[in-house]
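Following: one structure in structure tokens, then a few remarks.
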Protein chains: 2
Amino acid sequence: MSVRRDSARNRALLIEAAREVFAERGFGATLDDIARHAGLGTGTAYRHFPNKQALAAEVLAGATEQIAIDARESLAIDDPWLALVTFFERNAERQARDRGLYEALTGRGDDETQARIWPSIIETVTALFTRAQRAGVVRADAAPQDIAAIFAFLGPAFEMSRTVAPDLWRRYLALMLDGLRAVDRPALPAPPPPVSELASIMKAGKR
Amino acid sequence: MSVRRDSARNRALLIEAAREVFAERGFGATLDDIARHAGLGTGTAYRHFPNKQALAAEVLAGATEQIAIDARESLAIDDPWLALVTFFERNAERQARDRGLYEALTGRGDDETQARIWPSIIETVTALFTRAQRAGVVRADAAPQDIAAIFAFLGPAFEMSRTVAPDLWRRYLALMLDGLRAVDRPALPAPPPPVSELASIMKAGKR
DNA sequence: CTCGACCGGAGATAGCGTCTCCGTTTAGCG
DNA sequence: CGCTAAACGGAGACGCTATCTCCGGTCGAG
């Protein structure tokens, strides 16, 4: 006997519902919520997925890789500043739209999925950053780690975007990038965090 | 019979312990934690204070007023930019040291204590801001509401300061202020949030 | 038509924070 | 010194929320 048609359909319904619910409310949502949103019972959800993490992994599979791709595509842009800004805007846009994605990236990077992709992201982003800095369009006392920090700061900005005005994060991303660009200002008053603390930096944005 | 001496001493011990514990771990701490930190039993804590909120109110009483005072003192500084920066640094320093204070200011402003003081803070900070803007040291497309937003963004920075390096918040506050100062850059891509949303803006920093 | 896989959702289970109850201790008056 | 009312301590009752299971009923597939 092959897979029953209703079973396959319900699995797809669950993944789709999870995509929507996680994006809207983050991983705080319960599997029960997702099941109801899919028009199914709790038991059905737990038969298809052993727990919430498994479903989340399924949903996030593509999204996290996309970030590495965005980084590489940005690196292909000739203008160093535009390239950096493009990377920020693309990713911020994704995260603003998908609260679950933001939480996955900041909350905990200890998933093996994450651990596999991060090194690649870090490498590309560092290239993006140092190129801009060498070109003199990023202040000399900035460091690549500051990019991770800025993403952590955007968390509250996304929250505001949700409750006040959808595009608000663009305003504050631009403000922070102008700060990152300020080449004619006194040196920043504290050294950048060590690269070894990258995970802690991202986690500071945890919700 | 007057108040028993041990009772009075224990009350003081509890307030002191609460000050320390709330500052370190925020309002997530339980009254049981505080009692143990004071070397007392849970029951004792609940006899002196009906609940956690009451204790918190006691502890925060002075701290919130201090912020209004800081704002007024900053306004007395002649240089408009220095005045604004001084306000930011003083308050940020307090909040970096006291996680409970940060949570009280961002988490929920609906306490009557808060509601009483906020108008005064808002008025002073707006004066501080518009003076700097008129002097041309703050970008023309910024708004006083952006100050609240910046405080919300500092939440993750405080978190990093706790786990990575104590002074890290200074780096990122400086970065954001440089963004606020950038007068020669293209206009910010989204309008400031309406003043009526101030509470939502602050709450975006909630932990 | 039959049977086994699947569904649904009530509720068992677990973890956590809040607060109470009451046997024990102790300050301080007489 | 005693005596008594007040205060203490901390185990555990309680309420809440989220995760996950169980089983009678349903339905797709051969």
Side-chain angles (χ1 to χ4, degrees), chain A residues 1-60 99-100 103-104 107-108 110-111 206-207, chain B residues 1-60 99-100 103-104 107-108 110-111 206-207:
Chain A
M1 185 194 297
S2 70
V3 175
R4 272 176 57 162
R5 202 168 288 152
D6 56 345
S7 178
R9 183 182 50 90
N10 285 343
R11 189 189 157 86
L13 277 177
L14 280 168
I15 291 180
E16 181 50 27
R19 207 183 300 281
E20 290 174 20
V21 172
F22 282 149
E24 239 170 71
R25 311 219 296 271
F27 293 127
T30 68
L31 251 201
D32 295 46
D33 287 336
I34 292 168
R36 188 146 325 138
H37 192 260
L40 301 171
T42 315
T44 307
Y46 279 95
R47 203 163 325 94
H48 284 286
F49 302 94
N51 53 44
K52 199 162 68 168
Q53 282 68 34
L55 220 195
E58 190 92 18
V59 164
L60 287 174
R99 187 162 162 180
E103 287 176 12
R108 67 231 153 188
D110 45 32
D111 289 325
K206 183 140 137 204
R207 191 136 301 276
Chain B
M1 186 191 295
S2 71
V3 174
R4 270 175 60 162
R5 201 165 291 152
D6 57 344
S7 177
R9 182 182 51 90
N10 285 343
R11 190 189 156 85
L13 278 176
L14 281 168
I15 291 179
E16 180 52 26
R19 206 182 301 280
E20 290 174 20
V21 173
F22 283 149
E24 239 170 72
R25 311 219 296 272
F27 293 127
T30 68
L31 250 202
D32 295 46
D33 287 336
I34 292 168
R36 188 145 325 140
H37 192 260
L40 301 171
T42 316
T44 307
Y46 280 95
R47 204 165 324 95
H48 283 285
F49 302 93
N51 53 45
K52 198 160 69 168
Q53 284 67 34
L55 221 194
E58 190 91 18
V59 164
L60 287 173
R99 187 162 161 179
E103 288 176 11
R108 68 238 151 184
D110 44 32
D111 289 324
K206 186 142 137 200
R207 191 136 302 274

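Letters A, B, ... mirror the listed sequences (proteins, then strands); counts begin at 1.
Taking atom CG on Asp6(B) and atom C1' on dA7(D), their separation rounds to 6 Å, with Å as the unit. The OH-P distance, from Tyr46(A) to dG8(C), rounds to 15 Å in whole Å. For Arg47(B) and dC19(C), the CZ to C1' distance is 12 Å, given to the nearest whole Å. Counting to the nearest Å, the C1' atom of dC8(D) and the CZ atom of Arg5(B) are 18 Å from each other. Between the P atom of dG17(C) and the CZ atom of Arg25(B) lies a distance of 10 Å, rounded to the nearest Å. One atom, CZ of Phe27(A), and another, P of dT17(D), lie 22 Å apart when rounded to the nearest Å.
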Below 3.5 Å, can you tabulate the donor-acceptor pairs from side chains in residues 7-25 of chain A to any protein atom, sequence neighbours excluded?
from     : atom 1 : to       : atom 2 : distance (Å)
Asn10(A) : ND2    : Asp6(A)  : O      : 3.4
Arg11(A) : NH2    : Glu58(A) : OE2    : 3.4
Arg25(A) : NH2    : Asp33(A) : OD2    : 3.0

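Side-chain contact between Leu60(A) and Phe27(A) is present, with at least one heavy-atom pair separated by less than 4.5 Å.
Under 3.5 Å, the side chain of Arg4(B) and the base of dA6(D) form at least one donor-acceptor pair of N or O atoms.
Nearest nucleotide to the side chain of Thr42(B), out of dC6(C), dT19(D), dG10(D): dG10(D). If you check dC8(D), dC20(D), dC7(C) against the side chain of His48(B), the one that comes closest is dC8(D).
Separating the NE2 atom in His48(A) from the CG atom in Leu40(A) is a distance of 7.5 Å, to the nearest 0.5 Å.
For the contact set between residues 9-21 of chain A and DNA chain C, defined by any heavy atom under 4.0 Å, the members are Asn10(A).
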